[in-house]
Structure formats: C-alpha cells, structure tokens
Amino acid sequence: MDQETLERFLSDLPMGWVKYLETVGSTNNFASRWVKEGALDFSLVIANEQTAGKGRLGRKWVTLPDSALAFSLILKNPFPEQSVPNAFIPRITGLGALAVCTAIQKDYQLPVNIKWSNDLLIDGHKIGGILAEARWRGDELTAIILGIGINITSDSIPQGYSLNYPAGALEQYTGCSVDRLQLLVSVLREINHWRALLQENVFIDAWERNLAYKNEWVGVFQGNGHNDVPIYEGRILGLNPDGALRLGLWDGKEKSVYAGDIRIRPVDMLLK
Ligand code: BT5
C-alpha cells in the first residue's frame with residue numbers, strides 16, 4: 001500500500017483528506033489532530049502499523065505491520081439532521097460495526113456479528129474492534145473519529161499478550177487471501193450507505209439483526225478487563241433506540257445497559 005494507490009482505490013468515494021502512514025502511534029490520535037486543523041468530512045488516515053493503538057478505557061489495540069487494517073475516519077456533522085439528541089451518539093459505534101459486518105458478509109459470505117457494543121466476531125473469535133471518539137466545542141458536537149481495526153492475516157493476532165477475548169483473523173475464515181485495500185473500500189462504502197440512515201429505525205434494526213449472542217445468557221463486566229464479577233447477568237433481548245443493550249433479567253425485569261463488555265455466562269456459573 002502507498003499514498004498513490006490508496007487515493008486511486010478511493011477515487012469513487014466522497015473522501016476528505018486522505019493519508020497513508022507506514023507507522024503511527026494511533027490513527028485516532030492522528031485524526032484528532034486533523035480535526036483541530038480543520039479536516040474535511042470523511043477524512044481518512046490509515047496505517048500499516050500502530051505502535052500505540054487504542055482500545056476503549058485505556059486498553060491497547062495491537063496492529064502489527066502488513067497484516068491488518070487500522071484506520072480512522074472523521075465524520076463531521078455525523079447525523080443527517082442538524083440537531084440530534086446526545087442519545088444518538090452511540091449509534092456511531094454501531095455504524096462502524098455494522099459497516100464492517102455488512103462489508104465482510106457481502107464480500108466473503110461469512111457470518112460476522114457484533115459482540116455489543118464494539119467487537120466484531122467470527123465463530124466466537126474477535127477479528128476486529130471499533131473505537132468511536134467524539135470531539136466537542138462547548139455543547140456542540142464537532143466531529144466523531146471512527147477508528148476501525150480488523151485483523152486480516154493470522155500474523156495480525158497478538159502473541160504473548162493477554163487478550164480479553166479469543167482473537168481471530170479474517171483470512172482464517174475466508175480460505176483465500178484478502179486484499180486490504182479492497183476491504184477498506186467496501187467498509188467505507190457501507191459506512192457511507194448506513195450513515196444516511198443513522199437516524200432511521202432501519203439502522204437500529206440492522207444493527208440488532210447482527211448482534212452476537214442474541215437470546216443467550218451473558219454477563220456484563222465493567223472496568224478495564226480485570227474485573228471478574230459481572231455487574232449484570234441476563235439474556236440479550238436486543239437494542240434500545242439509543243444503542244443501549246436490552247437485557248432480560250432473572251426476575252423478568254428488563255435492564256438497559258449503556259457500557260461494559262459482554263461475556264457468555266455458562267448456566268452453571270449463573271446458578272452458583
Ligand atoms: C477495541 O477496544 O476493540 C477497539 C479497537 C479499535 C482499534 C482501532 S485501529 C484504528 C484506530 N486507532 C486506534 O488507536 N484504535 C482504533 P476494546 O473493546 O477495549 O478491546 C481492546 C482489547 O482487545 C485489548 O485489551 C486486548 O485484550 C484485545 N486486543 C488488542 N489487540 C487485538 C487484536 N489485534 N486482535 C484481537 N484482540 C485484540
């Protein structure tokens with residue numbers, strides 16, 4: 001990959017600024033500086049390697065060279081309508097996750113799904129993640145940086161590093177090699193498509209249809225991964241319009257969960 005090839009591949013898309021980097025700390029941090037410099041909507045920074053890739057809550061995202069996709073897209077005025085309740089902002093994480101899902105489903109006919117809220121799974125293995133970061137001026141949402149990492153070849157899977165979930169890579173499931181640029185273009189197309197529908201019910205419906213572990217018993221864990229005790233346990237029912245996860249609890253009540261990590265809770269653990 002290089003700058004010229006990247007620009008050629010993206011020529012049919014409504015791109016703002018576009019930058020290819022051989023190596024960077026974090027593409028999200030690079031994009032954050034761009035926002036301050038006045039970057040245009042749909043500006044993209046992509047890196048072959050990240051040395052300080054970020055997950056949520058200060059966690060690390062590992063991007064090893066030549067083996068993965070790691071990019072950040074700047075969405076200015078992300079919502080089609082001007083004045084948008086803050087409750088809609090989590091939909092941007094859904095936008096990234098849904099776009100990766102639908103791109104991989106269309107291009108490779110693979111059953112990718114979304115482990116709420118931001119993990120991409122194939123066969124129970126995490127092959128990618130989303131990190132959406134909002135930028136504000138006072139009360140005004142100026143931009144959202146949509147960071148996406150996807151493991152492509154098996155070399156992308158971090159070794160000797162304690163992971164919070166079993167990791168996988170796309171090529172382990174495709175049975176053929178994956179062209180990173182082609183996949184990037186597909187994901188950007190899907191983002192462009194779903195973005196126009198962000199405020200519609202059809203968007204939440206599609207996000208919900210692609211949720212992993214629907215109707216299964218799960219635990220919700222909060223904190224940066226060292227907490228063994230779930231704050232809630234229940235059956236995944238679906239999503240609220242604001243992107244919160246709807247859990248059905250033991251007592252028949254329903255709980256909306258706004259943050260946390262999902263893990264499957266074996267029934268014997270639940271009965272303890
Ligand atoms: C995420 O966070 O999964 C968000 C990942 C977002 C990465 C993109 S890459 C482009 C952009 N620039 C950035 O700096 N970030 C974004 P979270 O759900 O908090 O998961 C983080 C956890 O995933 C870590 O604590 C590890 O356990 C695990 N992990 C790290 N690297 C991984 C990898 N390559 N494959 C699978 N799991 C990984």
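Computed from heavy atoms alone, side chains included, the values below leave out hydrogens, waters and symmetry copies.
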*Asks:* Out of Thr27, Leu6, Ile148, which one pairs with Ile46 under the side chain to side chain contact (heavy atoms under 4.5 Å, CB included) rule?
*Replies:* Leu6
*Asks:* Output all residues satisfying salt bridge (Lys or Arg N to Asp or Glu O under 4.0 Å) with Glu49, sequence neighbours left out; order by chain, then residue number.
*Replies:* none
*Asks:* Ser256: which residues meet the side-chain hydrogen bond (donor to acceptor under 3.5 Å, both in side chains) condition with it, sequence neighbours left out?
*Replies:* Asn240
*Asks:* My understanding is that only residues two or more places apart in sequence, or in another chain, count here; which of them pass salt bridge (Lys or Arg N to Asp or Glu O under 4.0 Å) with Lys76?
*Replies:* none
*Asks:* I would like to know whether Tyr165 and Asp261 meet side chain to side chain contact (heavy atoms under 4.5 Å, CB included); could you show each step before the answer?
*Replies:* CA-CA 10 Å; Tyr165 212 77; Asp261 289 290; over 6 Å; no
*Asks:* If you define the side chain from C-beta out and look only at heavy atoms, does anything of Phe203 sit under 4.5 Å from Leu95?
*Replies:* yes
*Asks:* Quick check: is Ile89 connected to Ile145 through a chain of hydrophobic side chains (ILVMFWY, heavy atoms under 4.5 Å apart)?
*Replies:* no
*Asks:* Same cluster for Ile114 and Trp194 if Ile/Leu/Val/Met/Phe/Trp/Tyr side chains link at under 4.5 Å?
*Replies:* yes
*Asks:* Are Leu75 and Leu131 grouped together when hydrophobic residues (ILVMFWY) are joined by side-chain heavy atoms under 4.5 angstrom apart?
*Replies:* no
*Asks:* Should Ile150 and Tyr173 be regarded as members of a common hydrophobic cluster, given that ILVMFWY residues are connected when their side-chain heavy atoms come within less than 4.5 Å of each other, either directly or indirectly?
*Replies:* yes
*Asks:* Please examine the side chains of Val45 and Leu73, heavy atoms only from C-beta on, and report whether any two atoms are closer than 4.5 Å.
*Replies:* no
*Asks:* How close do Ala97 and Leu120 get, counting heavy atoms only, and between which atoms?
*Replies:* O-CD2, 3.5 Å
*Asks:* Apply side chain to side chain contact (heavy atoms under 4.5 Å, CB included) to the pair Leu13 and Arg189, showing each step before the final yes or no.
*Replies:* CA-CA 7 Å; Leu13 283 156; Arg189 275 208 190 107; 3.9 Å; yes
*Asks:* Decide yes or no on side-chain hydrogen bond (donor to acceptor under 3.5 Å, both in side chains) for Glu7 and Gln3, but give the supporting numbers first.
*Replies:* CA-CA 6 Å; Glu7 286 176 12; Gln3 181 75 25; 2.6 Å; yes
*Asks:* Mind listing the closest non-hydrogen atom pair of Leu141 and Ala134 along with its distance?
*Replies:* CD1-CB, 3.8 Å
*Asks:* State, with a plain yes or no, whether a side-chain heavy atom of Glu200 is found less than 4.5 Å away from one of Leu197.
*Replies:* yes
*Asks:* Are side-chain heavy atoms of Leu44 and Leu184 found at a separation under 4.5 Å?
*Replies:* yes
*Asks:* Taking Gln182 for its side chain and Asp179 for its backbone only, find out whether a donor-acceptor pair lies under 3.5 Å.
*Replies:* no
*Asks:* Taking CG in Asp251 as the centre, count heavy atoms belonging to other residues, nucleotides or ligands within less than 6.0 Å. Is the count above 12?
*Replies:* yes
*Asks:* Salt bridge (charged side-chain N to carboxylate O under 4.0 Å, His left out): which pairs involve residues 29-42, sequence neighbours left out?
*Replies:* Asp41-Arg195
*Asks:* Please determine whether side-chain hydrogen bond (donor to acceptor under 3.5 Å, both in side chains) holds for the pair Gln105 and Asn210, giving the CA-CA distance in whole Å, both sets of side-chain angles, and the decisive distance to 0.1 Å.
*Replies:* CA-CA 11 Å; Gln105 287 164 358; Asn210 285 284; 2.9 Å; yes
*Asks:* What I want to check is whether the side chains of Asp66 and Asn48 have a donor and an acceptor closer together than 3.5 Å.
*Replies:* yes
*Asks:* List in chain and number order the residues that pass side-chain hydrogen bond (donor to acceptor under 3.5 Å, both in side chains) with Tyr108, two or more places apart in sequence or in another chain; answer none if no residue qualifies.
*Replies:* none
*Asks:* For a quick test of reading the model, state the closest non-hydrogen atom pair linking Ala143 to Ile74 and the distance between them.
*Replies:* CB-CG2, 4.2 Å
*Asks:* Could you work out, with salt bridge (Lys or Arg N to Asp or Glu O under 4.0 Å) as the rule, every residue matching Arg180, not counting sequence neighbours?
*Replies:* none
*Asks:* Quick one about Ser32 and Asn29 (side-chain donor to acceptor, distance below 3.5 Å, no hydrogens or angles considered), yes or no?
*Replies:* no
*Asks:* Measure from the side-chain N and O atoms of Thr142 to the backbone N and O of Arg135, and report whether any donor-acceptor pair falls under 3.5 Å.
*Replies:* yes
*Asks:* Hey, is the main chain of Ala259 close enough, under 3.5 Å, to the side chain of Gln222 for a donor-acceptor pair?
*Replies:* yes
*Asks:* Not counting sequence neighbours, list each pair that qualifies as a salt bridge (charged side-chain N to carboxylate O under 4.0 Å, His left out) and has a residue in residues 160-172.
*Replies:* none
*Asks:* Return each pair, listed once, that meets salt bridge (charged side-chain N to carboxylate O under 4.0 Å, His left out) where at least one residue sits in residues 90-111; pairs must be two or more places apart or across chains.
*Replies:* Lys106-Glu190
*Asks:* Going by heavy atoms in the side chains, are Tyr213 and Asn113 under 4.5 Å from each other?
*Replies:* no
*Asks:* Where the side chain of Trp116 meets the backbone of Gly243, is there a donor-acceptor pair that is under 3.5 Å apart?
*Replies:* yes
*Asks:* Identify the two heavy atoms, one from Ala99 and one from Ile191, that lie closest to each other, and give their separation to 0.1 Å.
*Replies:* CB-CG1, 3.4 Å
*Asks:* Restricting to non-hydrogen atoms, name the atom on Ser117 and the atom on Arg56 that form the minimum distance, rounded to 0.1 Å.
*Replies:* OG-NH1, 3.9 Å
*Asks:* Give the intermediate values and the outcome of ring pair (Phe, Tyr, Trp, His ring centres under 6.0 Å) for residues Trp217 and Trp250.
*Replies:* CA-CA 10 Å; Trp217 287 102; Trp250 283 105; 4.4 Å; yes
*Asks:* Does some side-chain heavy atom of Leu211 sit less than 4.5 Å from a side-chain heavy atom of Leu239?
*Replies:* yes
*Asks:* Going only through I, L, V, M, F, W and Y residues with side-chain contacts under 4.5 Å, is there a path from Ile264 to Leu245?
*Replies:* yes
*Asks:* Evaluate Tyr258 against Asp242 for side chain to side chain contact (heavy atoms under 4.5 Å, CB included), listing each step before the verdict.
*Replies:* CA-CA 9 Å; Tyr258 288 88; Asp242 58 6; 3.0 Å; yes
*Asks:* Who clusters with Leu237? Use side-chain heavy atoms, under 4.5 angstrom, across I, L, V, M, F, W and Y, and order the result by chain and number.
*Replies:* none
*Asks:* Where is the tightest heavy-atom contact between Ala132 and Ile92, given as atom of each residue plus distance?
*Replies:* CB-CG2, 4.1 Å
*Asks:* Do other residues, nucleotides or ligands put more than 12 heavy atoms under 6.0 Å from the CD atom of Glu4?
*Replies:* no
*Asks:* Kindly list each side-chain donor-acceptor pair under 3.5 angstrom involving residues 151-158, sequence neighbours excluded, with atom names and distances?
*Replies:*
from, atom 1, to, atom 2, distance (Å)
Asn151, ND2, Gly168, O, 3.0
Thr153, OG1, Asp155, N, 3.3
Ser156, OG, Thr153, O, 2.6

*Asks:* List the residues meeting salt bridge (Lys or Arg N to Asp or Glu O under 4.0 Å) with Lys19, not counting sequence neighbours, and say none if there are none.
*Replies:* none
*Asks:* For Ser72 and Asn28, what are the C-alpha separation, side-chain angles and deciding distance, and is it a side-chain hydrogen bond (donor to acceptor under 3.5 Å, both in side chains)?
*Replies:* CA-CA 6 Å; Ser72 302; Asn28 266 33; 2.6 Å; yes
*Asks:* Counting distance only, does the side-chain N/O of Lys60 pair as donor-acceptor with the main-chain N or O of Ala52 below 3.5 Å?
*Replies:* no
*Asks:* Taking ring pair (Phe, Tyr, Trp, His ring centres under 6.0 Å) as the cut-off, I'd like each qualifying pair that reaches into residues 33-61, sequence neighbours left out, listed once.
*Replies:* Trp17-Trp34, Phe30-Trp34
*Asks:* Is the closest side-chain heavy-atom distance between Leu183 and Leu181 below 4.5 Å?
*Replies:* no
*Asks:* With side chains defined as the heavy atoms from C-beta onward, is the minimum distance between Val229 and Phe221 less than 4.5 Å?
*Replies:* no
*Asks:* Assess whether side chain to side chain contact (heavy atoms under 4.5 Å, CB included) is satisfied between Leu98 and Arg209, documenting all intermediate values.
*Replies:* CA-CA 10 Å; Leu98 181 59; Arg209 248 195 329 274; over 6 Å; no
